[in-house]
Structure formats: C-alpha cells, structure tokens
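Along the sequence shown, the residues carry numbers beginning at 1. Predicted, not measured: the structure shown is a model, and the values here were computed from it.
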Amino acid sequence: MTVAALHRTQVPVQARFADQIQVADKSVINFSSNDYLALSTDPAIKESWVKGIEQFGMGSGASVCVSGYTKAQQKFEEACSDYLKRDKTILFGSGYLANLGILSSLLSRHSTVVSDKQCHASIIDGIQLSRAKHLRYRHQDIKHCQQLCEENNPDVLVTERVFSMTGEITPISRLAKGLSSETIFVVDDAHGFSVLNETLYQSEVPVTVIPLGKAIGAYGAIVSGKAEIIEQIQQRARSYRYTTNIPPANVFALSSAMRTIQEESWRRQHLLENIRYFNACAKDLGLDLLSQDETPIRCLLIGDNQRAMTLQKDCMVHGWFVAAIRPPTVATGCALLRISLRCDHQKS
C-alpha cells in the first residue's frame, strides 16, 4: 500500500449542468454525486434561493438562539413535521453537526450506546464526544445487535438506514422489535430519505436525522421525532446552539425542494428505473456489486488502492466521473469504486 494511493486531493469542478460536470476542461457524466433527484439545479428551487437572498441577504448573521432564526425556518420545520408525521423538527447546519449534537446530548460518560460497526464517521465522533460506553455489532448482523441490546440495555441504539459505502438497506423494523422502552432508537436516513418508499414510524424510531445534501440537493439536516427528545437535543446540543445558523436563503430553497419531491413523484420513479437497469446490466456483465438493494449507491469492490485509482482515471478517459473510495473511509484492503445514480441519468 503506497502513500500515493492514499493521498487525498480536491478535484476542482469548473461547471455543473444536469448530470454532467466539467473537470480539467472536459465534460464528464457525473456518477459521484449524492444529488439523486437532480434538485440542486432545478430552476424553480434556484429561484427560491435568489428570493431568499433578496429578502434576507447572504447569511443569517447569528446563531439560532440569538437572531439567526427566521419565520421561514419555523414554517419549514413545521412542514417537515407534518410531512414526516412527527411531533417536532429542528434544523441543523449539516448532517455531521446533527449527529454530533444528537449523540452528545442523549449520552454521557454514564451511558451505553450500541451501533453498527460501519456507521458514518459523524456518528462515531458524536459517540466519542459523549464519552459513553460504546458497543458495536457486526455490520448488519441483527442477531448480534439484539444480543448486545438484551445484555446491556443501552440508552441509545444508532444505525444508518442506507449505508453510504455499500448501498445496503438496514431492516429497521427488525432492529426496533424487542427494544427496551428505555432505549432511544436513532436512525440516520441520509441516503434513504426520498429514495426509499417505506416510512420510518415515530413509534419505532423516535429520532431520525435527515441530512439534506443528498436527495434534497441542498445543505443542512433536519432532526425529527418525539417532542420531549427533540426538545432535549435542542436545549443541550452544542453543535446546534453555538454556531452561526444556516443562511435564510438556504431555507427558502429547502422549502421549495421539499414541495418538489412531494409534487414530482416521477423523479423517484426514474431513479428507481435507473437503479434496476444498472443492477441488471451489472449482472449481465458479471460485475459483483456489494449490494443488490435498490438504492442509488452502487459499489464494486476493488481491493487494492492503486488499482482503484487507476480504474477511476480510466473511467475519466471514457467520460465518466466515479469515486475511488479508499481507507480509512473503508477497511484496509477494501478499496472500491462508488457509483452514484441520479434520476436524470440516461440508459444510454
């Protein structure tokens, strides 16, 4: 494993339009974006952002607890609660900040938390910040999770609904079944929201975090669930209270995007058709995907870091931008190509 094969560099994107980006003066089809429903470039949503800038300017100017909170944000949070059928919703600056805030608020050094072994870095960091006793179950091993919960009666159980490096869907209802009433089940729905059709019920999952930089195509994260738990997070989360709030213009765009996903169901349908078509083509070609689940995250295990980088460059030559994922994002020896599908990708 060479140092060069692990070195991270930024790729300056010169322009972005529909499903393509311009990199190094070359237009390539973008198979690396989490903008699954192609909302980030939607004209009506961009117009909403401009309207927000005209009304409130560029930034919020203060934290959410001082003067950075707007009526537009209040209405957005209430609309999210109605749509998700949950008691209360608050808006964080990002999914990372949300997970830090949730876990450090609900846990302490005297707490116990159980998580999937492959949970996102933001979840791991939130748990470490809390100093709670941390037990991890084998990835997607429901029986192992249930065993740990039965033996330790954790204060919190946390997992991702769709895992970002494999595209696997977690059987949420199976994990929720049999949990103690004292255990708060937290689900990160970053890559499942507006992609999967199944509802996360508050009775099963009292806290859901939905980062808004994926299918919604913007920035921020909503934390939604039982009123008393969300209130506790709101009062105690340092990553919520002690940072400048997101720009009001962003909230205008978020509200527009949330309306769009409810009114334009064709986006999710086109995405699902692309996922199924890709899975079928991969099977015909003998490509062994890490998951056959119907999610837009399609991954090919490569193993060697340098080979993954070489394949990424080969894809660029053919006009496709894909992500080469290497340690420590994935385990040593598990470098992969991560291919993200969008609703506006063409079968051709």
* More than 12 non-hydrogen atoms from neighbouring residues, nucleotides or ligands closer than 6.0 Å to CG on Asp288, yes or no? -> no
* After noting the C-alpha distance and the side-chain angles of Asn152 and Thr112, does the key distance pass the side chain to side chain donor-acceptor pair (under 3.5 Å) rule? -> CA-CA 8 Å; Asn152 297 276; Thr112 299; 5.9 Å; no
* Side chains of Asp293 and Glu168 in contact at under 4.5 Å (non-hydrogen atoms) -> yes
* Asked: Do the side chains of His144 and Gln147 get nearer than 4.5 Å, heavy atoms only?
  -> yes
* **Side-chain touch Cys299/Leu337, heavy atoms, less than 4.5 angstrom** => no
* To do: Of all the heavy-atom pairs spanning Gly213 and Asn34, show the shortest one and how long it is.
  => O-CB, 4.1 Å
* **Side-chain heavy atoms of Ile216 within contact of Leu254, under 4.5 Å** => yes
* To do: Locate the shortest heavy-atom distance separating Ile302 from Leu311; write the atom from each residue and the value.
  => CD1-CD1, 3.7 Å
* Start with the C-alpha gap between Asp284 and Cys281, add the side-chain angles, then the distance that decides, and say whether side chain to side chain contact (heavy atoms under 4.5 Å, CB included) holds. => CA-CA 5 Å; Asp284 290 343; Cys281 290; 5.5 Å; no
* Asked: Step by step, would you call Arg16 with Thr41 a side chain to side chain donor-acceptor pair (under 3.5 Å)?
  -> CA-CA 9 Å; Arg16 183 157 58 100; Thr41 54; 5.7 Å; no
* **Under 3.5 Å donor-acceptor, Glu160 side chain and His120 backbone** => yes
* Sort and list the pairs that fulfil salt bridge (charged side-chain N to carboxylate O under 4.0 Å, His left out) and have at least one residue in residues 338-348, not counting sequence neighbours. => Asp35-Arg342, Arg342-Asp344
* Quick one: does Ser255's side chain have a donor or acceptor within less than 3.5 Å of a partner on Val251's backbone? -> yes
* Asked: Okay, side chain of Arg86, backbone of Ser81: is any donor-acceptor separation there less than 3.5 Å?
  -> no
* Is it true that the side chains of Asn99 and Asp188 contain a donor and an acceptor less than 3.5 Å apart? -> yes
* Asked: Do Ser60 and Asn245 meet the criterion of a side-chain donor-acceptor pair at a distance under 3.5 Å?
  -> no
* Could you go through the side chain to side chain contact (heavy atoms under 4.5 Å, CB included) check for Val322 and Ser32 one step at a time? => CA-CA 5 Å; Val322 302; Ser32 68; 5.9 Å; no
* To do: Take Asp125 and Ile123 through the side chain to side chain contact (heavy atoms under 4.5 Å, CB included) test and state the conclusion after the steps.
  => CA-CA 5 Å; Asp125 289 353; Ile123 294 174; over 6 Å; no
* Asked: Do any N or O atoms from the side chain of Arg161 and from the backbone of Asp189 form a donor-acceptor pair under 3.5 angstrom?
  -> no
* Structure fact -> Here the side-chain hydrogen bond (donor to acceptor under 3.5 Å, both in side chains) pairs for residues 223-232, sequence neighbours left out, are Thr89-Ser224, Glu231-Gln235
* **Ion pair check, Glu264 and Arg267, cut-off under 4.0 Å** => yes
* Asked: Would you say Ser130's side chain and Ile127's backbone share a donor-acceptor pair under 3.5 angstrom?
  -> yes
* Any side-chain heavy atom of Leu300 within less than 4.5 Å of one from Leu287? -> yes
* Are Ser239 and Leu100 side-chain neighbours, meaning at least one heavy-atom pair lies under 4.5 Å? -> yes
* To do: For Lys26, look at atom NZ and say whether over 12 heavy atoms of other residues, nucleotides or ligands are found less than 6.0 Å away.
  => yes
* Asked: Does the side chain of Asn279 pick up a donor-acceptor pair with the side chain of Arg298 at under 3.5 Å?
  -> yes
* Asked: Is there a side-chain contact between Asp82 and Cys80, using heavy atoms and a 4.5 Å cut-off?
  -> no
* To do: Step through the shown structure and confirm whether more than 12 heavy atoms of other residues, nucleotides or ligands are within 6.0 Å of OH on Tyr96.
  => yes
* Side chain of Gln22, backbone of Val13: donor and acceptor closer than 3.5 Å? -> no
* Got a second to check how far Thr260's OG1 is from Ile45's CD1, nearest 0.5 Å? -> 4.0 Å
* Decide yes or no for Asn274 and Tyr36: does some side-chain heavy atom of the first lie under 4.5 Å from some side-chain heavy atom of the second? => no
* May I ask you to decide if Tyr201's main-chain N or O and Thr199's side chain share a donor-acceptor pair within less than 3.5 Å? => no
* Asked: Between Thr183 (side chain) and Pro154 (backbone), is there a donor-acceptor pair under 3.5 Å?
  -> yes
* For residues 94-117, pull every pair meeting salt bridge (charged side-chain N to carboxylate O under 4.0 Å, His left out), keeping only residues two or more places apart or in separate chains. => none
* Asked: Quick one: side chain to side chain donor-acceptor pair (under 3.5 Å) partners of Gln74, sequence neighbours excluded?
  -> Lys71
* To do: State whether a side-chain donor-acceptor pair under 3.5 Å links His191 with Thr295.
  => no
* **Distance (rounded to the nearest 0.5 Å) between Ile169 CD1 and Gln140 CD** => 9.5 Å
* To do: Identify the two heavy atoms, one from Phe92 and one from Ile246, that lie closest to each other, and give their separation to 0.1 Å.
  => O-CG2, 4.2 Å
* Asked: When clusters are formed by joining ILVMFWY residues with side-chain heavy atoms under 4.5 Å apart, either directly or through shared neighbours, do Val205 and Val209 land in the same one?
  -> no
* Once you round to the nearest 0.5 Å, how far does CG of Leu175 lie from CD1 of Ile142? -> 4.0 Å
* To do: Please answer: with hydrophobic residues joined when any side-chain heavy atoms are less than 4.5 Å apart, are Leu97 and Leu103 in the same cluster?
  => yes
* Calculate, to the nearest 0.5 Å, the distance between atoms CD and CG belonging to Glu47 and Asp42 respectively. => 10.0 Å
* Return the minimal non-hydrogen interatomic distance between Ile261 and Ser194, and the atom names on each side. => CD1-OG, 3.1 Å
* Asked: How far apart are the closest heavy atoms of Val23 and Gln14, and which atoms are they?
  -> C-OE1, 3.5 Å
* To do: May I ask you to check whether His345 and Phe31 place their ring centres under 6.0 Å from each other?
  => yes
* Smallest separation among heavy atoms of Ala335 and Arg326, with atom names -> CB-CG, 4.2 Å
* To do: With sequence neighbours excluded, give me every salt bridge (charged side-chain N to carboxylate O under 4.0 Å, His left out) pair touching residues 143-159.
  => none
* So, does Arg8 use its side chain to make a donor-acceptor pair with the main chain of Leu6 at under 3.5 Å? -> yes
* Structure fact -> In this structure, CG of Leu200 is separated from CD of Glu204 (nearest 0.5 Å) by 8.0 Å
* To do: Decide if the gap between the ring center of His139 and the ring center of Phe163 is smaller than 6.0 angstrom.
  => yes
* Would you confirm whether Ser256, through its side chain, and Phe252, through its main-chain N or O, come within 3.5 Å as a donor-acceptor pair? => no
* To do: Dump the intermediate steps for side chain to side chain contact (heavy atoms under 4.5 Å, CB included) on Arg259 and Glu263, then the final yes or no.
  => CA-CA 6 Å; Arg259 288 193 298 270; Glu263 296 168 359; 4.2 Å; yes
* Please, which pairs that meet salt bridge (charged side-chain N to carboxylate O under 4.0 Å, His left out) have at least one residue in residues 129-139, sequence neighbours excluded? -> Arg138-Asp141
* To do: Establish whether Ile172 and Ile210 are linked, either directly or via other cluster members, by ILVMFWY side-chain heavy-atom contacts under 4.5 Å.
  => no
